[in-house]
Number of protein chains: 2
Amino acid sequence: MAEGGAGPGGGESLLFLTDEQLRKGIEAMFFAYRGFTADPDRILESKEYGRAHHRALHFIHRSPGTTVNNLLSILGVTKQSLNRVLRTLIEDGLVESRVGRKDKRERHLFLTTTGDALERELSEAQRGRMRAAYRAAGPQAVAGFRQVLEAMMEPEMRRQYQTLRDAGL
Amino acid sequence: MAEGGAGPGGGESLLFLTDEQLRKGIEAMFFAYRGFTADPDRILESKEYGRAHHRALHFIHRSPGTTVNNLLSILGVTKQSLNRVLRTLIEDGLVESRVGRKDKRERHLFLTTTGDALERELSEAQRGRMRAAYRAAGPQAVAGFRQVLEAMMEPEMRRQYQTLRDAGL
DNA sequence: CTTGGAAAGTCAACAAGGCTGACATAAAAT
DNA sequence: ATTTTATGTCAGCCTTGTTGACTTTCCAAG
């Protein structure tokens, strides 16, 4: 690995914080993110959808009944941008939009059977790669991976993430 | 962290490979990548450049004198797409393109003083967040982080990454 | 009951950054 | 002499993001 070696005295070295190590981490994020999205992207390009549709399907699957506003804050895009994606998913019968009972202005989003099938196909492809990477690296590495990623998030997104992480699901 | 706990007998548990754990990892990648690009993006939006320009500047900085073809294979885009970005960077005097001595068909790319200044501004912002995340997570977590990311890359990209990782720089 | 404002949706216009296809040039390789 | 490689460029298209303006619906406070 070329790490280790420490300095003169050894012990609690801060060599992992050098600009050089940070640059390697930056490139690792860049290349890994490409791998991360590669499999779903391949599936999507055959169908008439893109990565934006995948993201919507993922988060509706994760939180069935979520409102459009919730989705907006998680995805961090404008409502116009999300609406374009959502409209095609609803038209194509992958997502169902139900008017809220308590607040009828809100729309609650659910996956249909068809939508669930596509979501599963996409997420199984993505999990496949993830599983291989996890298995290759081992549980301790995975724990470190999650720690660093969590520390890298914007505080607001970290809250979104942790809410789900800490809940039953 | 809610992990641990192991199964009945304990020891070498595979609980870190459940679909649930994998889904958390997937979302961690999604949210963390947003944080990862947030700071450079903020700087770029004030200037007239985008993330594509940042990527070009980064890899030219990393490998001064690299050819257009090298850059294409690293970035994984078409030459038309890269050329658009490269043309503006050259016109604006951030990148210099020199005809190859040995093979005059090739163009070797270098950052000018101005280009280097922007690259440094962008990468310092990005390293700042990375450094904070590394420091918060600690050296062991960082090692795991790198291991998982590396295992997640497409094999071809892993080679690109390791070439640089293993070299002096 | 009226009105203010929030939630949602829609239309139009635009930009960045991907893509394909076609074509041009120069130089290396065969 | 011919073919292949490296690069650049023009034109056109797509996805996914943006802003701004406007409407409809409907809750809630005055």
Side-chain angles (χ1 to χ4, degrees), chain A residues 30 33-34 37-38 40-60 65-92 95-110, chain B residues 30 33-34 37-38 40-60 65-92 95-110:
Chain A
F30 173 70
Y33 198 78
R34 286 245 296 271
T37 57
D41 283 356
R42 266 189 286 272
I43 294 169
L44 288 160
E45 79 180 308
S46 58
K47 309 184 169 50
E48 66 198 21
Y49 299 119
R51 208 176 282 179
H53 300 87
H54 181 195
R55 288 197 282 264
L57 290 175
H58 173 98
F59 286 105
I60 296 173
T66 188
T67 64
V68 173
N69 245 6
N70 274 340
L71 214 46
L72 282 178
S73 70
I74 287 173
L75 295 174
V77 298
T78 59
K79 64 176 178 174
Q80 293 91 332
S81 198
L82 174 59
N83 200 258
R84 179 170 34 202
V85 164
L86 231 36
R87 200 187 324 157
T88 71
L89 290 174
I90 291 170
E91 280 169 5
D92 296 354
V95 167
E96 193 192 346
S97 167
R98 298 186 204 151
V99 173
R101 297 152 311 169
K102 191 183 165 192
D103 184 339
K104 293 176 189 165
R105 290 168 302 182
E106 295 181 338
R107 303 301 141 94
H108 298 276
L109 304 169
F110 299 87
Chain B
F30 173 70
Y33 198 79
R34 284 246 295 273
T37 57
D41 283 356
R42 266 189 285 272
I43 293 169
L44 287 160
E45 80 179 306
S46 59
K47 309 185 168 48
E48 65 198 21
Y49 299 119
R51 209 178 281 181
H53 300 87
H54 181 194
R55 289 197 281 265
L57 290 175
H58 174 97
F59 285 105
I60 296 172
T66 188
T67 64
V68 174
N69 246 3
N70 275 339
L71 214 46
L72 281 178
S73 70
I74 288 174
L75 295 174
V77 297
T78 59
K79 65 175 180 173
Q80 294 92 328
S81 200
L82 174 58
N83 200 257
R84 178 171 33 198
V85 165
L86 230 36
R87 202 187 323 160
T88 70
L89 290 174
I90 291 169
E91 280 169 4
D92 295 355
V95 167
E96 193 192 346
S97 166
R98 298 185 203 151
V99 172
R101 297 152 310 170
K102 191 183 165 191
D103 186 335
K104 293 175 190 164
R105 290 171 304 179
E106 295 181 337
R107 304 300 144 92
H108 298 277
L109 303 169
F110 300 87

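These figures come from a predicted structure and were not determined experimentally. Hydrogens, waters and symmetry mates are skipped; everything else that's a heavy atom, side chains included, is used.
Distance CG (Leu44(A)) to P (dC14(D)): 18 Å, rounded to an integer number of Å. dT18(D) atom C1' lies 14 Å from atom CG of Leu72(A), rounded to whole Å. dG8(D) atom P lies 7 Å from atom CG of Leu86(B), rounded to whole Å. If you measure from atom CD of Glu106(B) to atom P of dG8(D), you get 11 Å, rounded to the nearest angstrom. At whole-Å resolution of the value, CG in Leu82(A) and C1' in dT15(D) are 15 Å apart.
With sequence neighbours left out, the side-chain hydrogen bond (donor to acceptor under 3.5 Å, both in side chains) criterion links Tyr33(B) to no other residue. The salt bridge (charged side-chain N to carboxylate O under 4.0 Å, His left out) check on Asp92(A) picks up nothing, with sequence neighbours excluded. Partners of His58(A) according to the side-chain hydrogen bond (donor to acceptor under 3.5 Å, both in side chains) rule, which considers only residues two or more places apart in sequence or in another chain, are Glu27(B). Shown here are the side chain to side chain contact (heavy atoms under 4.5 Å, CB included) partners of Thr88(B), two or more places apart in sequence or in another chain: Tyr49(B), His53(B).
A donor N or O paired with an acceptor N or O is not found under 3.5 Å between the base of dG12(D) and the side-chain atoms of Gln80(B).
At the phosphate of dT7(D), neither OP1 nor OP2 sits under 4.0 Å from any side-chain N or O atom of Asn83(B).
Here the CZ atom belonging to Arg55(B) is positioned 9.5 Å from the OG1 atom belonging to Thr37(B), to the nearest 0.5 angstrom.
The closest donor-acceptor contact from the side chain of Ser81(B) to the backbone of Thr78(B) lies at 3.5 Å or more, if one exists at all. Put simply, the side chain of Arg107(A) never gets that close to the backbone of Thr66(A): no donor and acceptor are under 3.5 Å apart. In this structure, the side chain of Arg34(A) engages the main chain of Leu75(B) through a donor-acceptor pair within 3.5 Å.
Two residues, Ser97(B) and Val77(A), neighbour DNA chain D, and the one matched to the more 5' nucleotide by heavy-atom proximity is Ser97(B). Nucleotides of DNA chain D nearest to Arg84(B) and Thr67(B) differ in position, and the one nearer the 5' end is that of Thr67(B).
Few gaps surround CZ on Arg42(B); more than 12 heavy atoms of other groups in view lie less than 6.0 Å from it.
As judged by a 4.0 angstrom heavy-atom cut-off over every strand, His53(B) is placed among residues touching the sugar-phosphate backbone only.
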> If the sugar-phosphate is the primed atoms plus P, OP1 and OP2 and the base is the rest, what is the B/S/- string for nucleotides 22-30 of chain D, using protein heavy atoms under 4.0 Å?
Replying inline: ---BBS---
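If you walk DNA chain C from 5' to 3' and mark each nucleotide with an atom closer than 4.0 Å to a heavy atom of chain A, the marks span dG5(C) to dC11(C).
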